[in-house]
Amino acid sequence: MDAIANPVTSSIKAQVRPSELLSLLDQLDNQIKVLSLDCFDTIIWRKTTSAIDAFYDMHQKPHFKALNLSANLRASIEVDARRNMLFQHGKTEVALKDIYKAGFPFLSEDQIKALMKEEIETEHEVCYAFPPLIELIRAAHHRGLKIVIVSDTYFTEKQLRHLLEKKITRRCHESN
């Protein structure tokens, strides 16, 4: 069966470069009400080749050093935590706290919080807001669009909000 061409979207490119996002927003003006974006690798990027590279930076932090927690071990305990979650609850999404509890069940709540804090600090150090997306968010906000940011990471909403607010605010101040 042939698909019926939609006159609204038929002239829109299937792939758009970051530099073309604002013009796409102009093209769709008055036709969209919500802008939905993924957090990592869309709005927030890491200054690393891969996500695991941030774990190498964490290895230098005091609580990671105390446990001799290497990047590979950190990645491995996340895989284990996700596997445990799947077996126990039928889902693979975990929180940062779940990862450290799975890897180090003998640690106290304070020790787990310290590890989480160091990991979040490291993310703040290695992450930056992608300028074309900040421009897009500004333009969408100016047009009154609802902006939804989603993520499938192990960070809580509060942790993600803090990272986004810090990086977006910093980026906005740098560009003024």
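- Using a distance-only test at 3.5 Å, with no hydrogens or angles considered, no donor-acceptor pair links the side chain of Ser76 to the main chain of Asn72.
- Side-chain contact between Leu73 and Leu67 is absent, with no heavy atoms from C-beta onward closer than 4.5 Å.
- Across every non-hydrogen atom of Leu35 and Ala140, the tightest pair is CD2-CB, 3.6 Å.
- Under a hydrophobic clustering in which Ile, Leu, Val, Met, Phe, Trp and Tyr are joined whenever their side-chain heavy atoms come within less than 4.5 Å, directly or via other members, Ile52 and Val79 fall into different clusters.
- Applying side-chain contact (heavy atoms from CB on, under 4.5 Å) to Leu145 and the options Leu28, Val34, Leu25 leaves one that passes, Leu25.
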Evaluate the side-chain contact (heavy atoms from CB on, under 4.5 Å) criterion for residues Arg82 and Phe87: first the C-alpha distance (whole Å), next the side-chain angles of each, then the deciding distance (0.1 Å), finally the verdict. CA-CA 9 Å; Arg82 291 182 185 280; Phe87 291 138; over 6 Å; no
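- The aromatic rings of Trp45 and Phe130 sit tilted relative to each other, their planes meeting at an angle between 30° and 60°.
- Using a 4.0 Å cut-off between charged side-chain N and carboxylate O, Glu109 and Lys101 make a salt bridge.
- Nearest heavy atom pair, residue Ser36 against residue Val150, reads OG-CG1, 4.4 Å.
- Met116 has its side chain within reach of Gln159: a pair of non-hydrogen atoms, C-beta onward, lies under 4.5 Å apart.
- The list of side-chain hydrogen bond (donor to acceptor under 3.5 Å, both in side chains) pairs with a residue in residues 84-96, not counting sequence neighbours, is empty.
- For the pair Met58 and Phe64, the tightest heavy-atom approach, listed with the atom from each and the gap, is O-CB, 3.2 Å.
- The aromatic rings of Phe104 and Phe106 sit perpendicular, their planes meeting at an angle over 60°, well past the 30° parallel limit.
- Distance check, rounded to the nearest 0.5 Å: CG of Asp98 to CD1 of Ile77 gives 11.0 Å.
- Here the closest non-hydrogen pair linking His59 and Leu69 is ND1-O, 2.9 Å.
- The local environment of CD in Gln60 is crowded, with over 12 non-hydrogen atoms from other residues, nucleotides or ligands closer than 6.0 Å.
- The CD1 atom of Ile43 lies 5.5 Å from the CG atom of Leu164; values are rounded to the nearest 0.5 Å.
- Atom CD of Glu119 and atom CD1 of Ile99 lie 6.5 Å apart (nearest 0.5 Å).
- Judged purely by atom type and a 3.5 angstrom limit, Glu135 has no side-chain atom pairing as donor or acceptor with the backbone of Leu22.
- Between the CZ atom in Arg138 and the CD1 atom in Ile168 there is a gap of 10.0 Å [rounded to 0.5 Å].
- Between Leu133 and Leu37 the shortest side-chain heavy-atom distance falls below 4.5 Å.
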Chi angles and distances behind the side-chain contact (heavy atoms from CB on, under 4.5 Å) call for Phe155, Leu96: CA-CA 6 Å; Phe155 293 118; Leu96 193 53; 4.0 Å; yes
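- Contact record, Ala102 with Pro105: O-CD, 3.9 Å, taken as the closest heavy-atom pair.
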For side-chain contact (heavy atoms from CB on, under 4.5 Å), just list the numbers for Phe40 and Cys127, CA-CA rounded to whole Å, side-chain angles, deciding distance to a tenth of an Å, and then say yes or no. CA-CA 9 Å; Phe40 283 97; Cys127 290; 4.0 Å; yes
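- Under the salt bridge (Lys or Arg N to Asp or Glu O under 4.0 Å) criterion, the residue pairs touching residues 50-72 are Lys61-Glu125, with sequence neighbours excluded.
- The CG atom of Leu160 sits 9.0 Å away from atom CD1 of Ile44, with the distance rounded to the nearest 0.5 Å.
- Just one residue in the list Lys117, Glu123, His124 forms a side-chain contact (heavy atoms from CB on, under 4.5 Å) with Ile120, and that residue is His124.
- Closest non-hydrogen pair, Ala81 versus Val94, comes out as O-CG1, 3.6 Å.
- Both Leu24 and Ile147 belong to a common hydrophobic cluster when Ile, Leu, Val, Met, Phe, Trp and Tyr are linked at side-chain heavy-atom distances under 4.5 angstrom.
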Could you check Arg161 against Thr156 for side-chain contact (heavy atoms from CB on, under 4.5 Å), going step by step and ending with a plain yes or no? CA-CA 8 Å; Arg161 277 185 184 275; Thr156 64; over 6 Å; no
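- Contact annotation: the side chain of Tyr100 approaches that of Arg74 to within less than 4.5 Å [non-hydrogen atoms, C-beta and beyond].
- With rounding to the nearest 0.5 angstrom, the OG atom of Ser108 is 5.0 Å from the CG atom of Asp110.
- Between the side chain of Ser23 and the backbone N or O of Glu20 there is at least one donor-acceptor pair closer than 3.5 Å.
- A chain of hydrophobic side-chain contacts below 4.5 Å, direct or via other Ile, Leu, Val, Met, Phe, Trp or Tyr residues, connects Tyr128 to Ile137.
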